[in-house]
**Student:** 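Here's a structure for you.
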Amino acid sequence: MPSEKFKLAVLVSGRGSNLQAIIDSIEKKYLPAEISLILSNVPDAYALQRGKKHGLETVFLDPKKFSKRDDYEKHMIELLQTKSIDLICLAGFMRILGKNFIEAFSGKIINIHPSLLPAFPGLNVQEKALEHGVKFSGCTVHFVNEEVDGGAIILQAVVPIHDDDDAQSLSDRILEQEHIIYPEAIRLIIEDKLEFSGRRVTQKTKEN
Ligand code: GRF
């Protein structure tokens, strides 16, 4: 019998280009996985359309229907547990996740962020990088913990900043790298290639 596929959930709020990169990587058989659920907190997120186009299950979970953040997250937890999700990939999901959610999926939530963390966590990071005058920026795939953009780093890619860059041009250059390293990081997790020492994440050597 073929073994069960590694099950991903992708949480989105917007455009979904990283979701698309994950879908494409699965379709090209780079990722031995399936997307069991795409969950959005925004009704008209374009990511939902991308998922539907590929025949994937999509859900819009309306935060307005829940009076407390905890109740919303409890519902998310239940939904994800019924799908036996192995890894939750945040891909432009614009909500901060609380303690209960993070504990329910401890070590199983990852995020992509468009800067070289720990520089420039939070929002509007391309503007912040330009204002600060750094010459290189990039993107980071990291585990999610309770500190915003503060979890252990899995992979990073460096992108040069050009003198004539604006937030859009920089963002586009970073996004190209996001679409490469996010599937790469997911593959490392699926293939159990990561080692942990404190908050340092490294790749296992062949001898291990
Ligand atoms: C990306 O820049 C990602 O790094 C950040 O949100 C953006 C999402 O873009 N977390 P998309 O929806 O994947 O196109």
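Every number for a ligand or one of its atoms is a count from 1 in the order of the listing. Keep in mind that the numbers below use all heavy atoms, side chains included, and drop hydrogens, waters and symmetry copies.
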**Student:** Any idea which heavy atoms bring E57 and S36 closest together, and the distance?
**Tutor:**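 Answer, listing the atom of E57 first, then S36: CB-O, 3.9 Å.
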**Student:** Linking Ile, Leu, Val, Met, Phe, Trp and Tyr through side-chain heavy atoms less than 4.5 Å apart, which residues share a cluster with I88?
**Tutor:**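 Besides I88, the hydrophobic cluster comprises L11, L37, L39, V59, L61, F66, Y72, M76, I77, L79, L80, I85, L90, F93, L97, F101, I102, F105, I109, V144, listed by chain and residue number.
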**Student:** Closer than 3.5 angstrom, by distance alone: can the side chain of S115 be matched with the main-chain N or O of F120 as a donor-acceptor pair?
**Tutor:**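 Answer holds: yes.
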**Student:** Give me the pairs of N or O atoms, one from ligand 1 and one from the protein, that sit under 3.5 Å apart.
**Tutor:**
unit_1, atom_1, unit_2, atom_2, d
ligand 1, 2 (O), E178, OE1, 3.3
ligand 1, 2 (O), E178, OE2, 3.1
ligand 1, 4 (O), I112, O, 3.3
ligand 1, 4 (O), E178, OE1, 2.7
ligand 1, 4 (O), E178, OE2, 3.3
ligand 1, 9 (O), R15, NH2, 3.1
ligand 1, 10 (N), I112, O, 2.9
ligand 1, 12 (O), G16, N, 2.8
ligand 1, 13 (O), S17, N, 3.3
ligand 1, 13 (O), N18, N, 2.9
ligand 1, 13 (O), N18, ND2, 3.0
ligand 1, 14 (O), R15, NE, 2.5
ligand 1, 14 (O), R15, NH2, 3.2
ligand 1, 14 (O), S17, N, 2.8
ligand 1, 14 (O), S17, OG, 2.5

**Student:** Which pair of heavy atoms, one from C89 and one from I22, lies closest together, and at what distance?
**Tutor:**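 Smallest heavy-atom distance, with atoms named: CB-CD1, 4.4 Å.
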**Student:** H54 vs Q20, test: side-chain hydrogen bond (donor to acceptor under 3.5 Å, both in side chains). Steps then yes/no.
**Tutor:** CA-CA 10 Å; H54 289 264; Q20 190 68 54; 3.3 Å; yes
**Student:** Where is the tightest heavy-atom contact between L170 and A129, given as atom of each residue plus distance?
**Tutor:**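 Shortest heavy-atom contact: CD2-CB, 4.4 Å.
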